[in-house]
Amino acid sequence: MKRFFDIIFSLFAILIFSPLFIIISIAIVIDSGFPIFYKQKRMGKNYKEFYLYKFRSMIKDADKIGSLVTTKNDKRITKVGKFLRKTKLDELPQFFNVLIGDMSIVGPRPEVAKYANHYKEDFEYILSKVKPGITDEASIQYRNEEKLLDNIDNHEQIYITELLPKKLRLAKEYADNHNILNDLIIICKTVIVVLFKH
């Protein structure tokens, strides 16, 4: 049932947002050139890596010249990227990840191996039960993560030792109790948060 829901929802989203894909792609090229999309290996179902896709919101090769954790005023973020990240439009290509089966609409946000390996047993447990998703309860509760980590010198360490364990707790709760009704509630809450940030 969940997979059927993911396919229908992602197809509908891709169709509805297809004009935005074109507009965003043009804006990125004008602002900072190619590539339009950014791909990064994340941990997926059964703790196997997959490529997650986003609209590129940072300078080229940003992950090679700085932390994998991004803060609000990160100088690597482009002008168009600031808008994309603020509105979460940079996440739109992940509907293709859902369509091909790497992700679900709702599920714990996929993490990079560098950070996931700090809590490997926890991630293995969670990802044995559910796929990573575009949104989840942690995405809602910690929607201002970049702002929280801004102006902190050791923001990467704070993310690993403080924020990630809190996200994992919520992810475990979801993995143990997920159902379509809960998914619909999380989707509705996500839409409200994106449209009305306060």
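Computed from heavy atoms alone, side chains included, the values below leave out hydrogens, waters and symmetry copies. Please read these numbers as outputs of a predicted model, since none were measured by experiment.
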> To the nearest 0.5 Å, how far apart are OG1 in Thr161 and CG in Asn154?
Replying inline: 7.5 Å

>> I need the minimum non-hydrogen distance between Thr78 and Gly81, along with the two atoms involved.
In response: OG1-N, 2.9 Å

> Are Ile36 and Ile77 joined in one hydrophobic group, where the rule is that I, L, V, M, F, W and Y side chains link up if heavy atoms are under 4.5 Å apart?
Replying inline: no

>> Between Phe37 and Phe96 (judged by ring centroids, cut-off 6.0 Å), do the two rings come close enough to count as a pair?
In response: no

>> Restricting to non-hydrogen atoms, name the atom on Asp90 and the atom on Leu84 that form the minimum distance, rounded to 0.1 Å.
In response: OD1-O, 3.3 Å

>> Set out, in order, the CA-CA distance, both residues' side-chain angles and the distance that settles ring-ring contact (aromatic ring centres under 6.0 Å, His included) for Tyr115 and Tyr159, then state yes or no.
In response: CA-CA 9 Å; Tyr115 302 140; Tyr159 177 78; 5.5 Å; yes

> Short question: side chain of Asp31, backbone of Ala27 - any donor-acceptor pair under 3.5 Å?
Replying inline: no

> For the side chain of Lys2 and the backbone of Ile105, is there at least one donor-acceptor N/O pair under 3.5 Å apart?
Replying inline: no

>> I'd like to know if the side chain of Asp74 reaches the main chain of Arg76, judged simply by a donor and an acceptor atom lying under 3.5 Å from each other, with no hydrogens or angles considered.
In response: yes

> So do the side chains of Leu52 and Met103 get within less than 4.5 Å of each other, counting heavy atoms only?
Replying inline: yes

> Under a 4.5 Å side-chain heavy-atom rule over Ile, Leu, Val, Met, Phe, Trp and Tyr, are Met43 and Tyr38 clustered together?
Replying inline: no

> Can you find a heavy atom in the side chain of Phe55 that is under 4.5 Å from one in the side chain of Val80?
Replying inline: no

> Taking only residues two or more places apart in sequence, or in another chain, which ones meet Arg109 in a side-chain hydrogen bond (donor to acceptor under 3.5 Å, both in side chains)?
Replying inline: Glu91, Gln94

>> I want to check something: taking the side chain as every heavy atom from C-beta on, are Phe21 and Leu92 in contact at a cut-off of under 4.5 Å?
In response: yes

> Going from NZ on Lys60 to CD1 on Ile65, what distance comes out if it is rounded to the nearest 0.5 angstrom?
Replying inline: 12.0 Å

> Do Lys166 and Glu162 sit within salt-bridge range, that is, some charged N less than 4.0 Å from a carboxylate O?
Replying inline: no

> Between Phe123 and Tyr119, does the ring centroid distance fall short of 6.0 Å?
Replying inline: no

>> Can you confirm whether Leu184 sits close enough to Phe5 that some side-chain heavy atom of one is under 4.5 Å from a side-chain heavy atom of the other?
In response: yes

>> Is there a side chain to side chain contact (heavy atoms under 4.5 Å, CB included) between Lys167 and Tyr142? Walk through the geometry before answering.
In response: CA-CA 8 Å; Lys167 290 183 175 183; Tyr142 298 100; 4.3 Å; yes

>> Please say yes or no: joined through hydrophobic side-chain contacts below 4.5 Å, possibly via intermediate residues, are Ile28 and Phe34 part of one cluster?
In response: yes

> Given Lys88 and Val193, is the side chain to side chain contact (heavy atoms under 4.5 Å, CB included) satisfied, shown in steps?
Replying inline: CA-CA 11 Å; Lys88 301 298 183 183; Val193 164; over 6 Å; no

> Given Leu163 and Val69, is the side chain to side chain contact (heavy atoms under 4.5 Å, CB included) satisfied, shown in steps?
Replying inline: CA-CA 11 Å; Leu163 280 181; Val69 175; over 6 Å; no

> side chain to side chain donor-acceptor pair (under 3.5 Å) with Tyr174: which of Asn182, Asp183, Asp136?
Replying inline: Asp183

>> One pair to check against side chain to side chain contact (heavy atoms under 4.5 Å, CB included): Thr87 and Val194. What are the steps and the verdict?
In response: CA-CA 7 Å; Thr87 57; Val194 171; 5.8 Å; no

> Mind checking whether Ile192 and Leu195 sit in one hydrophobic cluster, side chains of I, L, V, M, F, W, Y counted as touching below 4.5 Å?
Replying inline: yes

> Hey, does Lys131 have a side-chain heavy atom less than 4.5 Å from the side chain of Arg3?
Replying inline: yes

> Do you know the tightest heavy-atom contact between Tyr53 and Asn97?
Replying inline: N-OD1, 3.1 Å

>> How close do Pro110 and Pro132 get, counting heavy atoms only, and between which atoms?
In response: CB-CB, 3.6 Å

>> If I take atom CD1 from residue Ile100 and atom CG from residue Asp6, how far apart are they, to the nearest 0.5 angstrom?
In response: 12.5 Å

> If you measure from CD on Gln40 to CG on Asp63, what distance do you get to the nearest 0.5 Å?
Replying inline: 6.0 Å

>> Please report the interatomic distance NZ(Lys120) to CG(Leu127), rounded to the nearest 0.5 Å.
In response: 12.0 Å

>> If you count heavy atoms of other groups shown closer than 6.0 angstrom to NZ of Lys82, is the number above 12?
In response: no

> Does a side-chain heavy-atom distance below 4.5 Å link Lys45 with Phe50?
Replying inline: no

>> I need the Glu173 CD to Leu168 CG distance, nearest 0.5 Å.
In response: 11.5 Å

> Would Tyr51 and Leu68 show up in the same hydrophobic cluster when neighbours are defined by side-chain heavy atoms closer than 4.5 Å?
Replying inline: no

> Any side-chain heavy atom of Leu99 within less than 4.5 Å of one from Ile7?
Replying inline: yes

> Do Pro108 and Val130 come close enough that some side-chain heavy atom pair is under 4.5 Å?
Replying inline: yes

> Any donor-acceptor pair under 3.5 Å linking the side chain of Arg56 with the backbone of Pro35?
Replying inline: yes

> Taking all non-hydrogen atoms of both residues, which atom of Ser139 and which atom of Ile134 are closest, and how far apart?
Replying inline: OG-O, 4.4 Å

